[in-house]
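Since the structure is predicted, the reported quantities are computational estimates derived from the model, not experimental observations. Chain identifiers are assigned alphabetically (A, B, ...) following the order of the sequence lines, protein sequences preceding nucleic acid strands; residue numbering begins at 1 within each chain.
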There are 2 protein chains.
Amino acid sequence: MTTINEIPEEELKKSREIFKEFIIKKKLRVTNQRLAIFEAAFNQVEHFTADDLLEKSRKIDRTISRATVYRTLPILTESSLLKEIDIGKDFKYYLLNYNQKTEHAQVICLDCDKIHELDAPFMEWYADSIAQKLGLIPESQRLQVSARCQKLSEQGQCPNLDKRAV
Amino acid sequence: MTTINEIPEEELKKSREIFKEFIIKKKLRVTNQRLAIFEAAFNQVEHFTADDLLEKSRKIDRTISRATVYRTLPILTESSLLKEIDIGKDFKYYLLNYNQKTEHAQVICLDCDKIHELDAPFMEWYADSIAQKLGLIPESQRLQVSARCQKLSEQGQCPNLDKRAV
DNA sequence: GTGCTTGCAAAGACTTTGCAAACTT
DNA sequence: AAGTTTGCAAAGTCTTTGCAAGCAC
């Protein structure tokens, strides 16, 4: 079982290009702050919050403000580089979306807070069946499973927690 | 196609009893405010927000404060009379749960904001299959489908919007 | 009478916004 | 040079909490 802790170099380059081109296409400006926030976001593969991103960005550029992070996040999500997810807490999580996969299921470990993104093809079928029953046209669907770590309850330790450097 | 706009009288009585007994069991007190908030919540079957509930409660008892509504909502959810749901907006919705069904899917109409609660038995199976793959123990699951009203896009009007008295 | 509850207002948590200075193009 | 972007601080939104007066038991 291999865990990837870093986005591959070529994916990073590609994403950086997508980001810059998106900014230019929107007639916005490629600023140092925006680039630094991009680098901070793509520095690793775990999910993060706006606050995490601020902290990570500041390690690259000490002057970055919270406001700029909040103003840059929509650019990153609109360009499909990040996926925003709301698991019912009062802040949002952000996930890298560099593989551009459309995975519609999230499994959230209540013990270590890790968010596993999974493919759940049956949800397309389910959405279609709903369409017929309710006279609605499905636009998006998301399955969220909250779970506990089995190893934690059996052995008293969660392997994901152990892996965390922080 | 029949739409129920009111909870049946006997269900209402039963729920009121559950509410009172829950309060007593918890060694809390049956106050006029709590009763008024209960009546406001069970006045109809649509979903509502904390703010809606405050407004409806005040029609019964003018003195009820926002704080009391927020302090009463946990009593109603803990006693399983209401279900709290978070669809990613910055406030929560509450739904009557008098039938005590465990429906795990919500279909949210982006046009009229109506929330349809549906049964989705396959989710149990899905959660179990995840358990094996990830070494997790599923605790709860929720499927959320966002959709558009077909009639609205075809005929320019949403039947649910029409039904709304407000 | 005891001690839970209430309303009020202030505080909290996260996010957004107004504004003048700074920067990209 | 023109107009976007930034940092700062204040404002916003929903929810929670401290406190003294009031109410349930």
To the nearest 0.5 angstrom, please state how far the CG atom of B:L82 sits from the OG1 atom of B:T72.
10.5 Å
Sequence-distant partners of B:N32, side chain to side chain donor-acceptor pair (under 3.5 Å), two or more places apart:
none
Pair listing, salt bridge (Lys or Arg N to Asp or Glu O under 4.0 Å) test, anchored in [range], at least two apart:
range                       : answer
residues 26-43 of chain A   : A:R16-A:E39, A:K26-A:E78
residues 134-149 of chain B : A:E139-B:R148, A:R148-B:E139, B:D111-B:R148
residues 84-95 of chain B   : B:K89-B:D113

Using a strict heavy-atom distance below 4.0 Å, which residues from residues 53-70 of chain A are in contact with DNA chain D?
A:T63, A:I64, A:S65, A:A67, A:T68
In numerical order, the residues of residues 85-94 of chain B whose heavy atoms come under 4.0 Å of DNA chain D are B:D90, B:F91, B:K92
Any chance you could pull the hydrophobic cluster mates of B:I87, using side-chain heavy atoms under 4.5 angstrom and chaining through other members?
B:I85, B:F91, B:Y93, B:L95, B:I108, B:I115
Would you mind listing the cluster partners of A:Y70? Hydrophobic ones only (ILVMFWY), side-chain contacts under 4.5 Å, chaining allowed.
none
Boundaries of the DNA chain C segment in contact with chain B, non-hydrogen, under 4.0 Å
C:dG3 to C:dC8
Please name all residues satisfying side-chain contact (heavy atoms from CB on, under 4.5 Å) with A:E10, sequence neighbours left out, ordered by chain then number.
none
Please check if any side-chain donor atom of B:Q106 sits under 3.5 Å from a side-chain acceptor atom of B:Q144, or the reverse.
no
Contacts under 3.5 Å, N or O only, protein and nucleotides 19-23 of chain D:
none

Kindly assign one of parallel, tilted or perpendicular to the pair A:F122 and B:W125, based on the angle between their ring planes and the thresholds 30° and 60°.
perpendicular
With no hydrogens and no angle check, is any side-chain donor or acceptor of B:N97 less than 3.5 Å from a backbone partner on B:S80?
yes
Can you give me every donor-acceptor pair (side chain of residues 49-58 of chain B, partner residue at least two apart or in another chain, under 3.5 Å) with its distance?
residue : atom : partner : partner atom : Å
B:T49   : OG1  : B:D51   : N            : 3.4
B:T49   : OG1  : B:D52   : N            : 3.0
B:T49   : OG1  : B:D52   : OD1          : 3.4
B:T49   : OG1  : B:D52   : OD2          : 3.2
B:D51   : OD1  : B:R66   : NH1          : 2.8
B:D51   : OD1  : B:R66   : NH2          : 3.0
B:D52   : OD2  : B:T49   : N            : 3.0
B:K56   : NZ   : B:A40   : O            : 2.9
B:S57   : OG   : B:L53   : O            : 2.6
B:R58   : NE   : B:I64   : O            : 2.7
B:R58   : NH2  : B:I64   : O            : 3.2

